[in-house]
*Asks:* 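The structure's right below; bear with me while I get my questions together.
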Amino acid sequence: NAGVTQTPKFQVLKTGQSMTLQCAQDMNHNSMYWYRQDPGMGLRLIYYSASEGTTDKGEVPNGYNVSRLNKREFSLRLESAAPSQTSVYFCASRKTEGQLFNEQFFGPGTRLTVL
Amino acid sequence: AQKITQTQPGMFVQEKEAVTLDCTYDTSDQSYGLFWYKQPSSGEMIFLIYQGSYDEQNATEGRYSLNFQKARKSANLVISASQLGDSAMYFCAMREGYYNTDKLIFGTGTRLQVFP
């Protein structure tokens, strides 16, 4: 199992450009999440998807859109990138069957720089 | 609003010694979960340990244990017999929400450095 995979690993954008960060998981998890990690601020939730076909805003959704393409894939789109979106982006997934509290599994992250 | 506080930006510990990383939380929910994650310099997030608010015993996973004091709203991570490979950022997180819609609220992290 590859777990949670993210592409690309690194990306540099110019202000105003758009791009989509891809995330896929092969663990048959229902829930998927997108976080951003800024220096000194820990991880903050951007969007999440409790199941295929549903998405909800997290703490910092402005400037982003998401698509839960199917159970495996959850993409994050920046329509018009801004320097404030320079960050490391993590995708995560979680099994929701069985135990009430299951940990989230994280991808390796995407380091995005917006100039 | 739910909040996680990690007041130690950095900690040093000698190899083979034990170290405690502090975490306090704020929530009005009766049902919640507390997690610790490790982030080595390579960047990935590694799950370490979990404690549920209704768990009567402190959680343990190998060299990791969670000192859960519900009345004080603290969930400190104890690493016993530190190893050089334990050098990393450590994040405390709390589950917010119910079942399928739960989300994690993260603290700002503690950087642990283990020296020989």
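Residue numbers start from 1 in every chain, and the chains themselves are labelled A, B, ... in the order their sequence lines are given, proteins ahead of strands.
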*Asks:* Mind checking whether B/F91 and A/V4 sit in one hydrophobic cluster, side chains of I, L, V, M, F, W, Y counted as touching below 4.5 Å?
*Replies:*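 No, because B/F91 and A/V4 fall into different hydrophobic clusters, even though each may have its own neighbours under 4.5 Å.
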*Asks:* If I measure from the heavy atoms of chain A, does B/Q39 come under 4.5 Å with its side chain, its backbone, both, or neither?
*Replies:*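 B/Q39 touches chain A through side-chain heavy atoms alone.
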*Asks:* Verify the neighbour count for atom CZ of A/R111: are there more than 12 heavy atoms of other residues, nucleotides or ligands below 6.0 Å?
*Replies:*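 No, the 6.0 Å shell around CZ holds no more than 12 heavy atoms from other groups.
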*Asks:* Enter the distance from A/E103:CD to B/I46:CD1 here, rounded to the nearest 0.5 Å.
*Replies:*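 Going from the CD atom of A/E103 to the CD1 atom of B/I46 covers 12.5 Å.
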*Asks:* Are there over 12 heavy-atom neighbours, none belonging to B/K16, within less than 6.0 Å of that residue's NZ?
*Replies:*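 Atom NZ in B/K16 is not crowded, with 12 or fewer foreign heavy atoms closer than 6.0 Å.
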*Asks:* Quick check for you: among B/T108, B/I105, B/I4, B/L104, which has the greatest number of heavy-atom pairs under 4.5 Å with chain A?
*Replies:*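 Counting heavy-atom pairs under 4.5 Å, the top option is B/L104.
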*Asks:* Just so I understand: if I count every heavy-atom pair under 4.5 Å between each of A/F90, A/F105, A/F106, A/Y35 and chain B, which residue has the most?
*Replies:*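 Going by pairs under 4.5 Å, I would pick A/F106.
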*Asks:* Is chain B contacted by the side chain of A/L45, its backbone, both, or neither, given a heavy-atom distance below 4.5 Å?
*Replies:*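 A/L45 touches chain B through side-chain heavy atoms alone.
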*Asks:* Taking atom CD of B/Q14 as the centre, does the number of heavy atoms from other residues, nucleotides or ligands within less than 6.0 Å exceed 12?
*Replies:*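 Yes, the 6.0 Å shell around CD holds more than 12 heavy atoms from other groups.
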*Asks:* Counting neighbours of NZ on B/K3 that are heavy atoms of other residues, nucleotides or ligands and sit closer than 6.0 Å, is the number greater than 12?
*Replies:*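 For B/K3, atom NZ is not crowded (no more than 12 foreign heavy atoms under 6.0 Å).
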*Asks:* Quick check for you: among A/E59, A/R44, A/Q37, which has the greatest number of heavy-atom pairs under 4.5 Å with chain B?
*Replies:*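 Ranked by heavy-atom pairs under 4.5 Å with chain B, first place is A/Q37.
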*Asks:* Can you confirm whether more than 12 heavy atoms, excluding those of B/F12, are under 6.0 Å from its CZ atom?
*Replies:*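 Result for CZ/B/F12: open.
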*Asks:* Is there a side-chain contact between A/D56 and B/K103 in this structure, where contact means two heavy atoms from C-beta onward sitting under 4.5 Å apart?
*Replies:*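 Result no, sub-4.5 Å side-chain heavy-atom pair not found.
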